[in-house]
Amino acid sequence: MTTMNARVLVAGTTSGVILKLDEALSLWGGLEPTTGEIIDRRHPQSGCIVSGRVLVMPSGRGSSSASSILLEAVRLHTAPAAIITAEADGILALGAVVARELYASAPPLLVVSAEDYALLTDGREISIAEAGRLELHDDTHYPTRIEP
Amino acid sequence: MTTLTLSPRDRAMLDGEQGAAAQMAMCILTTMAAVYGASELLDITAAHIDGCLYHGYSGLEFAEKLVAGGAQVVVPTSLNVGAMDLIHPEHFQGTAQVAEYATRTMKAYEAMGCQPIYTCAPYQTGYRPAFGEQIAWAESNAIVFANSVLGARTHRYGDFIDICAAITGRAPAVGLHLTENRRGQILFRLEGIPERLLDDSVLYPVLGYLMGSQSANRIPVIDGLPTTVTEDQLKALGAAAASSGAVGLFHAVGLTPEAATVEAAFQHQPPEQAVVVTLGMLRQMRDKLATVPDGVVNVVALGSPHFSMSEFADLLPLVEVYPPQASVEFIVCTNRIVQVNLQKRGWLERLLAAGVQIVVDTCVVVTPIVKARAGILMTNSGKFAHYSPGNIGFQVVYGSLSECVRSAAQGSVWRDAGLWE
């Protein structure tokens, strides 16, 4: 097991399988909250379902309406289990923190260093523990990405 | 990492001493302040709210939860557009269910004490912060106008956090609130642009679009604009820049209050990059604003940001001489205050008689207003040109005000031949 420490933007504990995106995703116009599907057809992971996954991506992107989409996804139970980025993103954080206020549930939002980011590979199982401690289960691999 | 220090009043709110809504607002605000890396919150004197636009049921639940918790804004707070034209609800082309949720969202913000002016140009509608004022404004064009043209100070706020700032009277002390973050970074110098083009409002959305796409999230400084530039032209420039880039502030040398000189705009540091803007680059950007060069025009949409009285003064004589064909929807978006002024001057009747549809409280790219389902939409607005293809599925032609009016009159694109020479 590999462990690492992340900066916590929105706290919480959970575990799940990593869905790693090759590019930043703008949730507004990029995620369909009724289905949890990535609908940005120019995105390399277009067609993947984020629901229940630990979404790992370089950063958030685009319109400030992304916070509304994340909130809708939490309301409709299609949100990722957690979101881990390499760069802090205020828009995603806002969606998560409002979800926590409104629905008493929010995907934890964490930021990792560039070195740790590289270790978070697609299909690995990961646990998010207290205070941003990440536990990466080395012997796991659940390849569920849709290859184009 | 920076630690956030709260005032006793902030802490009292966070502990729930001022009610459930203030507690929820302060909780969201302090979490976000920590995300931004703020060391403290600062007092604001005004707020402008974008959250009254319906995006989904959760946004309505958020607003109604605040109302139920006793939320009241503590600073003068204006509202941006909603998804309904509450004065002319018959314009709405969506379902009855969405109309109900959209109206409830708007009414929830009114119940919190926000002023129902429903406009993206609050700065021309009596909500005009003074130089140096710390404010919390949402909506990208309003933000860029307040920061750039008025010299007020707001970070780039959006849904949810905007109302939290209005309820608590506080905002994180970060970003464009702070002098050191308002320094220009990239210089755009106009060279060899013909005078006629510099005078025509058609230039400004194109120039803004160019600045936005090259600046990304850096602060642009523009040098070489004539001193005769109007407020509406700067409004159009900022709105377009905020559509193509994450621009929350620009400086125009000799025109905007923090840019008396190039050196002042850059706070006496060298620019990170300098770009010479030529006529060729502007023509190229003009073509990028459109998705088709030409064709049968189905819709003309004006007024993003919302049309001002002086823009109506330009439109009225033109449209009376060249009224739109019956097959063309000619829509101008503005706000209810301007509509009352139009009525007082007798202009409203004349505009309607000429075949102009006036939409207030909202606009055509955020809600279904346009009756045609597809086709070509022509506009003089950089923002409408940018958002119409994605948001409402129209092809776009970009042109000057007179090109838009003349095109509507003949039913197909009309060009003013010498404009870009």
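Order of the sequence lines fixes the chain letters, A, B, ..., with proteins taken first and strands second; residue numbering starts at 1 for each chain.
- Interface residue B:Met24: backbone and side-chain heavy atoms are both found under 4.5 Å from chain A.
- In this structure, the portions of B:Tyr57 lying under 4.5 Å from any heavy atom of chain A include both its backbone and its side chain.
- Contact tally against chain A (heavy-atom pairs below 4.5 Å) for B:Arg156, B:Met32, B:His55: the top residue is B:Met32.
- A salt bridge does not link A:Arg53 with A:Glu37: every distance from a Lys NZ or Arg NE/NH1/NH2 to an Asp or Glu carboxylate oxygen is 4.0 Å or more.
- B:Asp162 and B:His48 form no side-chain donor-acceptor contact under 3.5 Å, judged by distance and modelled atom types alone.
- The greatest number of non-hydrogen atom pairs below 4.5 Å with chain B, out of A:Pro33, A:Ala99, A:Gly95, A:Ala93, is found for A:Ala93.
- A donor-acceptor contact closer than 3.5 angstrom links the side chains of A:Thr121 and A:Arg124.
- Ion pairing between B:Arg182 and B:Glu180 fails under the 4.0 Å rule for side-chain N and carboxylate O.
- Interface remark: B:Asn217 contributes no atoms to any contact with chain A (heavy atom separation under 4.5 Å).
- Between the side chains of B:Thr95 and B:Gln97, no donor-acceptor pair is found at a separation under 3.5 Å.
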